[in-house]
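Take a look at the structure set out below.
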Amino acid sequence: MGEIGGFLKISRHGIVERPPQERATDYHEFVLQRPDAELSEQGARCMECGVPFCHNGCPLGNLIPDWNDLVYRDRWQDAIRQLHATNYFPEFSGRLCPAPCEAACVLEINEGDAVTIKQIENAIVNRAWDEGWVVPRPPRPETETGRSVAVIGSGPAGMAAAQQLRRSGHRVVLFERDEAMGGLVRFGVPDFKIEKTVVERRVQQLAAEGVEMRPGVDVGVDVTMDDLRGDFDAIVLATGSRVPRDLPVEGRELDGVHFAMDYLYGRNRWVAANDPAQPEPLGEVDPALIAPITAKGKHVIVIGGGDTGADCVGNSIREGALSVTQIEILDRPPVRRVDEKTPWPLWPLKYRKSYAMQEGEALEVAEQDYAVATTRFSGDADGHVRKIHFAQAENFQPVEGTESEQPADLVLLAMGFLHPEQGILDQLGVAKDQRGNVKAATYATTEAGVFAAGDARRGQSLIVWAINEGRQCARIVDRYLREELGVRYLDPIHSGNVEPADEGPGGPPLHASGGLLAAE
C-alpha cells in the first residue's frame, strides 16, 4: 500500500490556489490541481495503517487507502471505481468538504502532515470525467420494479437517494422548487468554489439514468401531499435545513438587514445570467430574484464566522464593496490543535483563515473580528440600516463598557440554520424531534411510506453527511418497496467491495457499484 516508508521520505504538498488578488476579480474556481505525477507521489505517503482512522473520519466510509494506492500506481480508472463505490458525487465533496478524513489521518498525529486525501479524491473524479469514464448506468429492463418514489429536494441528499433508487429499478421523480436542480450546492455555494457545470453534469447523468426532473415545483403548494401519496409508493423528504437563525435585536427590521442565503441565491443567479459558460437552467427564473441584494459600494457587515459567512465575504469583495467586516460571537480559536479539547483523531478546534479573508486582506478591504456581540442596528430617516452597534462578548453576552459602532449599509446574517421548513412536515403529519427536524431514526418517519434524509433529518451538517444519508435512506426505501409492497428482489446489490449488504437498518448503504468488481 503506497510506497514503503514513503511518508518518511515525501513531504506533504497541500492544495494549490490561484493568488487572492487574481481570483477576487472573477467567479471561476480558485483551487488548482497538481500534476498527476505529484498526486501519485502524495498517494505514496498513505501508509496502510493497521487501523485506517480516515475511514472513521469520513461519514461516507470512503475506501481512502485503496484509491490512494491506486493513484500511486497510476491505476486511475480503478481508483474512480473504488471512489464511486462509496460516494456518488466525489467532485462535490472534493471541492466543498472540510476533509475530516485528513484530520483523522494517522500522519496528522504530527499536526499538518496528513495525506492530502481531498485533493487526490478531487483529481480522481476530474480525470474520470475528462476520460469519459463517468457514464449513465440505468437499471436493466428486467430489474424494473414498477414501484415509484417521490424525492422532495434536489440537494446532495436528494440526488444521492434518487440515483440509488433509480439504479435499483424504481421509478423516481425528483422535485425541486427552484428553477434548476442541485439545492444549496447550486444556489447557495458560489461558483468560485464549485462551478455549476460540475453540478449540471451530474444532474444530466441522473436524467440519462431515468430520474424524472421536476424543477420549479413547490411541493405542498403546486403539488399537494395527497397527490404525492396517490401517485407514489414512497416519499423521501430531502428538503434540507433551510430556516435560518435570526438575530432579535433592535433595528432588525431595517432595510438592508438580510439573511445570508437571500444574498447568496441572488448572486448565484446573477452569475448564471451573466456568465456564458454557465449551463442552461432547467426552468425560467423570475428576474426579480437575480441579485435583488447588492454589496457594491457599501460597507458590509457579515455576522457569522462559518463557511456561509465566508461566502458572503467572497461575493461582497467581488461585487466591489467599500469594506467588509465579518464578526463572530465566539472567541477566536487557537492557532494549533489543543489536545485537551479536541485530540487526534477528532476534528480539531483551531483557527483556519478562510479563502475569503485571504482575499479581503490581500486587497485591504476586509477584516475579521471575534468575541463580538451585536447589540442593535440604527438607520436613517428612510428606514435603511446605516450603523451596527456592538460590544465585546463574554459567554455570548455583551460586556458593559465595551460598546462601539461602525458604518453598515448592508448586514448579512450567516449564523446557521435551525431546522427544515415546517410546512411540508406538518402537511404529511410526520413526527419531529425537539429541534424541529424530521424524527426518523432509521430514515423511516412515523408515517408509512414516508422517509427522510440529509439535513432535514439530522440538522445542518456537512455535504458528506448529506450524500451518505441519501444513500442510506435509499437502502431503507428499497427494502420497504420490496418487502412491504411485495416486489421480488431481482438484482442483489453488493456493499463495499465484494460482500452482500447486511440486513440491519443501521448498516452500510447498498452500493450501485461493487468496487473493482464492476465496470463504470
Side-chain angles (χ1 to χ4, degrees), residues 59 88 145-176 183 206 211-212 214 219-220 223-242 419-433 435-459 461 465-487 489 493 495 501-512:
Y88 288 146
T145 66
R147 298 299 179 177
S148 58
V149 185
V151 180
I152 307 173
S154 69
M159 288 177 65
Q163 186 163 54
Q164 184 154 312
L165 286 165
R166 178 61 195 137
R167 289 180 177 181
S168 298
H170 308 298
R171 172 179 173 250
V172 180
V173 178
L174 187 58
F175 291 90
E176 172 58 57
L206 266 65
V211 176
E212 300 175 37
R214 295 191 186 173
V219 174
V223 177
T224 69
M225 291 304 167
D226 288 340
D227 291 335
L228 292 187
R229 286 185 180 277
D231 294 342
F232 297 93
D233 298 307
I235 298 171
V236 175
L237 296 170
T239 56
S241 180
R242 289 293 305 277
H419 47 66
E421 295 176 6
Q422 303 291 286
I424 292 178
L425 312 189
D426 293 339
Q427 288 184 41
L428 284 169
V430 298
K432 293 175 278 189
D433 64 19
R435 296 182 298 163
N437 301 318
V438 182
K439 190 174 183 179
T442 56
Y443 304 96
T445 72
T446 52
E447 293 293 311
V450 180
F451 303 82
D455 290 1
R457 188 189 82 95
R458 66 177 292 115
S461 191
W465 272 116
I467 298 170
N468 176 69
E469 292 249 329
R471 292 167 65 99
Q472 292 272 27
C473 181
R475 173 172 177 250
I476 303 304
V477 175
D478 181 64
R479 177 184 297 176
Y480 166 80
L481 292 173
R482 296 180 185 277
E483 295 180 359
E484 298 296 325
L485 301 178
V487 179
Y489 201 102
I493 301 175
S495 174
D502 66 36
E503 296 301 321
L510 289 177
H511 297 305

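Only this structure's heavy atoms are used, side chains among them; waters, hydrogens and symmetry mates stay out. Predicted, not measured: the structure shown is a model, and the values here were computed from it.
Here the CG atom belonging to D233 is positioned 7.5 Å from the OH atom belonging to Y480, to the nearest 0.5 angstrom. The OG1 atom of T239 sits 14.0 Å away from atom CZ of F175, with the distance rounded to the nearest 0.5 Å. Rounded to the nearest 0.5 Å, atoms CD (E421) and OG (S241) are 9.5 Å apart. S168 contributes atom OG, which lies 12.5 Å from atom CZ of R479 (distance to the nearest 0.5 angstrom). Interatomic distance, CD of Q427 versus CG of D226, reported as 9.0 Å (0.5 Å rounding).
Ion pair K439/D433 not flagged as a salt bridge, since none of the NZ, NE, NH1 or NH2 atoms sits closer than 4.0 Å to an Asp/Glu carboxylate oxygen. A salt bridge links R458 with E469: at least one charged nitrogen is closer than 4.0 Å to a carboxylate oxygen.
Counting only heavy atoms from C-beta outward, the side chains of L237 and L428 approach each other to under 4.5 Å. Taking the side chain as every heavy atom from C-beta outward, V477 and V149 approach each other to under 4.5 Å. Annotation: side chain of V219 is in contact with side chain of M225 (closest heavy-atom distance under 4.5 Å). In this structure, the side chains of H419 and K432 stay at 4.5 Å or more apart for every pair of heavy atoms. Taking 4.5 Å as the limit, some side-chain heavy atom of L425 sits within range of a side-chain heavy atom of Q422. Side-chain contact between V151 and V173 is absent, with no heavy-atom pair separated by less than 4.5 Å. No side-chain heavy atom of T145 sits under 4.5 Å from any side-chain heavy atom of D478.
Closest non-hydrogen pair, A444 versus F451, comes out as CA-CD2, 3.5 Å. In this structure, P420 and N437 approach most closely via the heavy-atom pair CD-OD1, 3.1 Å. Taking both residues in full, the closest heavy atoms of G153 and L174 are given as O-CD1, 3.5 Å, listed atom of the first, atom of the second, then distance. Closest of all the heavy-atom pairs between V236 and C473 is CG1-SG, 4.0 Å. Closest of all the heavy-atom pairs between A234 and L481 is CB-CD2, 4.1 Å. In terms of heavy-atom proximity, V211 sits nearest to R166 at CG2-CB, 3.7 Å.
Using a distance-only test at 3.5 Å, with no hydrogens or angles considered, a donor-acceptor pair links the side chain of E176 to the main chain of S154. A donor-acceptor pair is defined here as one N or O able to donate and one able to accept, closer than 3.5 Å; such a pair exists between the side chain of T446 and the backbone of A431. Judged purely by atom type and a 3.5 angstrom limit, R457 uses its side chain to pair as donor or acceptor with the backbone of A440.
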Worked verdict on I152 versus L228 for side chain to side chain contact (heavy atoms under 4.5 Å, CB included): CA-CA 10 Å; I152 307 173; L228 292 187; 3.7 Å; yes

Stepwise side chain to side chain donor-acceptor pair (under 3.5 Å) check, Y88 with Q164: CA-CA 9 Å; Y88 288 146; Q164 184 154 312; 2.7 Å; yes

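For the pair R147 and F232, the cation-pi test (distance below 6.0 Å, angle within 45°) is failed.
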